[in-house]
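Here is the structure we will look at.
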Amino acid sequence: ASASLCGTWDIISNENFEGYMIALGISPCVQKVAAKLKLKKVIEQQNDQFIVKTLSFFRNYIISFRVDHEFEEFTQGLDNRHVKSLVSWQGNKLVCEQRGEKKNRGWSHWIEDDKLHLELYCEGELCKQVFKKNGNQ
Ligand code: ECB
């Protein structure tokens, strides 16, 4: 079994977030605010059911899903698009495919060196975020 994604995580690096936001068509004004956010990720899991919360003082974004069960995702407060999302395990990686208007869109989470890694991708842009476990746990 691979290490659990569960817990509260604080962002420590954010590579090419700008490119990802541009690919999603986020306005320059919102990009500027978003780029400064200290994102927090809270992940809860019960068997094949997940809740993933992305938290910041500006906006929160929360999804819940079952692994291998497609669901309708509305990226409210992000790029406000409707996508069909499917999350599955690919080895030790929890991988989400987000089918919709934007091509090659999705994300992937895994644990490496006690850190939570996240790749967010859209139309050839790849954003790489790394989170460390929050000290209060
Ligand atoms: C929710 C906090 C970020 C709010 C930023 C506001 C505006 C920028 C709009 C779009 C930028 C795209 C994404 C923001 C970065 C992170 C939000 C969640 C990304 C995501 O899909 O996370 C997955 C995997 O952890 C779970 O939803």
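Counting convention: from 1, in listed order, for ligands and their atoms alike. We use all heavy atoms of the structure for the numbers below, so side chains are in, but hydrogens, waters and symmetry mates are not. Residue numbers count from 1 along this sequence.
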**Item:** Point-to-point distance, once rounded to the nearest 0.5 Å, from CG of Asn104 to CD of Glu97
**Value:** 9.0 Å
**Residues forming a salt bridge (Lys or Arg N to Asp or Glu O under 4.0 Å) with Lys132, sequence neighbours excluded** = none
**Message:** Under 4.0 Å between a side-chain nitrogen and a carboxylate oxygen: does that hold for Glu73 and Lys84?
**Reply:** no
**Prompt:** Are there more than 12 heavy atoms of other residues, nucleotides or ligands under 6.0 Å from atom CD of Glu15?
**Reply:** no
**Partners passing side chain to side chain donor-acceptor pair (under 3.5 Å) against Lys102 (at least two apart in sequence or in another chain)** = none
**Asked** Got a sec, which pairs hit side-chain hydrogen bond (donor to acceptor under 3.5 Å, both in side chains) with one end in residues 28-40, sequence neighbours left out?
**Response** Asp10-Lys40
Between ligand 1 and the protein, give all atom pairs where both partners are nitrogen or oxygen and the distance is under 3.5 Å, as lines of names plus distance to 0.1 Å.
from, atom 1, to, atom 2, distance (Å)
ligand 1, 22 (O), Lys41, NZ, 3.2
ligand 1, 25 (O), Lys41, NZ, 2.7
ligand 1, 25 (O), His109, NE2, 2.7

